[in-house]
Novice: 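Next up is a structure, given as structure tokens.
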Amino acid sequence: MPVKLGLKPIQKLPILLLVSEERNTGKSTFLNFLKAIFKDNVTFNTNEDFRSQFNADWAGKLIIVVDEVLLNRREDSERLKNLSTTHTYKVEAKGKDRSEIAFFSKFVLCSNNEYLPLIIDMGETRYWVRKIEKLQSDDTDFLKKLKEEIPAFLFFLQHRTLSTQEESRMWFNPKLTETPALKRIIRSNRNKLEIEMAELAIDIMQQMNIREYSFCLNDIVSLLNFTQVKAEKGQVRKVVQDIWKLQPASNTLCYTTYQIDYNRPNYYSDVRRMGRYYTVTLEQLLAL
């Protein structure tokens, strides 16, 4: 039977992802510690296990761990996100019909890749990414010592007072799991056009000493093409509306935007135009 730690049996929790480019951080030891606590209710998966149609060996486990995760295909990410929130799942074994079971598994993943271990989109709240620092000293008996402390550790967990309350479908308030390591992966997953657009807008604001930048889609397309970045209006609109979540002005109005001008010390000059323009702030772009 699973060890009860004070949460509801089918409570959904964020996918825990431990990352570090450095070796000797204790990530694998932590996974083995979980295995020592929960025994057969923990299973070690490979990346290929998530892609296989046969899942009977792991779909009914309490905790699913991967020691070196690399799920950098969109379909891998979507499957993992679905598993983290679903309450039922279809189990399939070789030579047997599929059957539906209650799904309550939690995921703990480790990776030496701090930038692209898997695809995480902006606004995603189903991951808790922790950067793990290198151990200051090495103790070859550390796992053995951890196992000896399991009874006392479980006693502590079963009698503790939870420091958080259920505030979302993944228990935690999303702000609590929004870490620098998570933002690093999100930034690394941004498409090339978005990065070029953000750098262009930031450069304009910094050169012109302004805190917000107004533009129509054609303004951005022209500036990008001038800097040898091929972009179509539809692609720019997708970034502006779907990723940056900007809305155009309600009516056609006069606005100030900027164009390339190599006769100026800062290479930009202001120009007045009419249109249903968008406005983005420096703070918004730096927070991406």
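The first residue of the sequence shown is numbered 1, and numbering continues consecutively from there.
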Novice: For N225 and S222, which I'm curious about, is there any donor-acceptor pair between the side chains at under 3.5 Å?
Specialist: no
Novice: Salt bridge check, D57 against K94: does any charged N sit closer than 4.0 Å to a carboxylate O?
Specialist: no
Novice: Roughly how far, to the nearest 0.5 Å, is CG of L17 from CD1 of I132?
Specialist: 9.5 Å
Novice: Are I119 and I243 linked, directly or through other ILVMFWY residues, by side chains that come within less than 4.5 angstrom of each other?
Specialist: no
Novice: Looking at every non-hydrogen atom in both residues, tell me the closest pair between F44 and D49 and how far apart they are.
Specialist: O-OD2, 4.4 Å
Novice: Mind checking whether L285 and Y278 sit in one hydrophobic cluster, side chains of I, L, V, M, F, W, Y counted as touching below 4.5 Å?
Specialist: yes
Novice: Run R126 and D121 through salt bridge (charged side-chain N to carboxylate O under 4.0 Å, His left out) and show every step you take.
Specialist: CA-CA 10 Å; R126 282 172 278 196; D121 296 319; over 6 Å; no
Novice: Less than 4.5 Å apart, any side-chain heavy atom of E212 and any of Q284?
Specialist: no
Novice: Check the pair M197 / V229 against side chain to side chain contact (heavy atoms under 4.5 Å, CB included), numbers first and verdict last.
Specialist: CA-CA 10 Å; M197 289 171 57; V229 177; over 6 Å; no
Novice: Please check this pair: side chain of K61 against backbone of D40, looking for a donor-acceptor N/O pair closer than 3.5 Å.
Specialist: yes
Novice: Under 6.0 Å from the OH atom of Y267, do we count more than 12 heavy atoms belonging to anything else shown?
Specialist: no
Novice: For residues V221 and M274: do they belong to one hydrophobic cluster (side chain heavy atoms under 4.5 Å, members Ile, Leu, Val, Met, Phe, Trp, Tyr)?
Specialist: no
Novice: Determine the sole option in K90, E92, R98 for which the side-chain hydrogen bond (donor to acceptor under 3.5 Å, both in side chains) test with Q53 is passed.
Specialist: E92
Novice: Quick check: do R160 and L162 have side-chain heavy atoms less than 4.5 Å from each other?
Specialist: yes
Novice: Under 4.5 Å between side-chain heavy atoms, counting indirect links through other Ile/Leu/Val/Met/Phe/Trp/Tyr residues: same cluster for L143 and F153 or not?
Specialist: yes
Novice: Would you find more than 12 non-hydrogen atoms of other residues, nucleotides or ligands less than 6.0 Å from Q165 atom CD?
Specialist: no
Novice: Any donor-acceptor pair under 3.5 Å linking the side-chain atoms of Q207 with those of N266?
Specialist: no
Novice: With side chains defined as the heavy atoms from C-beta onward, is the minimum distance between N189 and L116 less than 4.5 Å?
Specialist: yes
Novice: More than 12 non-hydrogen atoms from neighbouring residues, nucleotides or ligands closer than 6.0 Å to CG on D97, yes or no?
Specialist: no
Novice: How far apart are the closest heavy atoms of A59 and Y89, and which atoms are they?
Specialist: CB-CD2, 4.2 Å
Novice: Do the side-chain N and O atoms of S214 and T257 include a donor-acceptor pair separated by under 3.5 angstrom?
Specialist: no
Novice: Strictly by ring-ring contact (aromatic ring centres under 6.0 Å, His included), give each pair with a member in residues 124-147 just once, sequence neighbours left out.
Specialist: W128-F172
Novice: Under a 3.5 Å threshold, yes or no: a donor from one side chain and an acceptor from the other, between T256 and R272?
Specialist: yes
Novice: About how many Å separate CD1 of I63 and CZ of F104, when rounded to the nearest 0.5 Å?
Specialist: 11.0 Å
Novice: Any idea how F226 and Y262 line up, ring-wise: parallel (<30°), tilted (30 to 60°), or perpendicular (>60°)?
Specialist: tilted
Novice: Start with the C-alpha distance between R276 and C216, add both sets of side-chain angles, then the distance that settles side chain to side chain contact (heavy atoms under 4.5 Å, CB included), and finish with yes or no.
Specialist: CA-CA 7 Å; R276 294 188 63 196; C216 283; 5.7 Å; no
Novice: Ion pair present between E75 and R51, side-chain N to carboxylate O less than 4.0 angstrom?
Specialist: no
Novice: Give me the atom names and distance for the closest heavy-atom approach of S20 to T25.
Specialist: OG-CG2, 3.4 Å
Novice: Working note: I220 + V239, criterion side chain to side chain contact (heavy atoms under 4.5 Å, CB included); need CA distance, chi angles, decisive distance, verdict.
Specialist: CA-CA 11 Å; I220 289 283; V239 171; over 6 Å; no
Novice: Here's a test for you: under salt bridge (charged side-chain N to carboxylate O under 4.0 Å, His left out), which of E114, E178, E124 qualifies with K183?
Specialist: E178
Novice: Step by step, work out the side chain to side chain contact (heavy atoms under 4.5 Å, CB included) result for E68 and S111.
Specialist: CA-CA 5 Å; E68 189 53 58; S111 179; 3.4 Å; yes
Novice: Using side-chain heavy atoms (C-beta onward) and a distance below 4.5 Å, is W171 in contact with K12?
Specialist: no
Novice: Rounded to the nearest 0.5 Å, what separation is found between the OH atom of Y268 and the CD1 atom of I260?
Specialist: 4.5 Å
Novice: Could you tell me if the side chain of T179 sits less than 4.5 Å from the side chain of K131, heavy atoms only?
Specialist: no
Novice: Determine the minimum heavy-atom distance between I185 and L118, stating which atoms define it.
Specialist: CG2-O, 3.7 Å
Novice: Using 0.5 Å steps for rounding, measure from the CG atom of N218 to the CG atom of L223.
Specialist: 11.0 Å
Novice: Heavy-atom distance under 4.5 Å between the side chains of Y258 and I210, does that happen here?
Specialist: yes
Novice: Sub-3.5 Å donor-acceptor pair from the side chain of N82 to the main-chain atoms of E78, do we have one?
Specialist: no
Novice: Under the criterion side-chain contact (heavy atoms from CB on, under 4.5 Å), which of L13, T177, T85, I15 is the partner of M170?
Specialist: T85
Novice: Distance check, rounded to the nearest 0.5 Å: L16 atom CG versus F30 atom CZ?
Specialist: 6.0 Å
Novice: Test your reading of the model: is there a side-chain donor-acceptor pair from N173 to the backbone of E167, 3.5 Å cut-off?
Specialist: no
Novice: Under 3.5 Å, side chain of N251 to main-chain N/O of L253, donor-acceptor pair present?
Specialist: no
Novice: Can you get from V42 to V91 by hopping between Ile, Leu, Val, Met, Phe, Trp and Tyr side chains that sit under 4.5 Å apart?
Specialist: no
Novice: So how far is it from E196 CD to N191 CG, rounded to the nearest 0.5 Å?
Specialist: 10.5 Å
Novice: Could you check if a side-chain atom of F33 sits within less than 4.5 angstrom of a side-chain atom of I150, using non-hydrogen atoms only?
Specialist: yes
Novice: In the hydrophobic clustering that connects Ile, Leu, Val, Met, Phe, Trp and Tyr at side-chain heavy-atom distances below 4.5 Å, which members other than L135 occupy its cluster, ordered by chain and number?
Specialist: none
Novice: Indicate the atoms forming the closest heavy-atom contact of F50 with W58, along with that distance.
Specialist: CD2-CH2, 4.3 Å
Novice: Heavy-atom distance under 4.5 Å between the side chains of L193 and K238, does that happen here?
Specialist: no
Novice: Taking atom NZ of K81 as the centre, does the number of heavy atoms from other residues, nucleotides or ligands within less than 6.0 Å exceed 12?
Specialist: yes
Novice: Does a salt bridge link K145 with D141, judged by any charged N lying under 4.0 Å from a carboxylate O?
Specialist: no
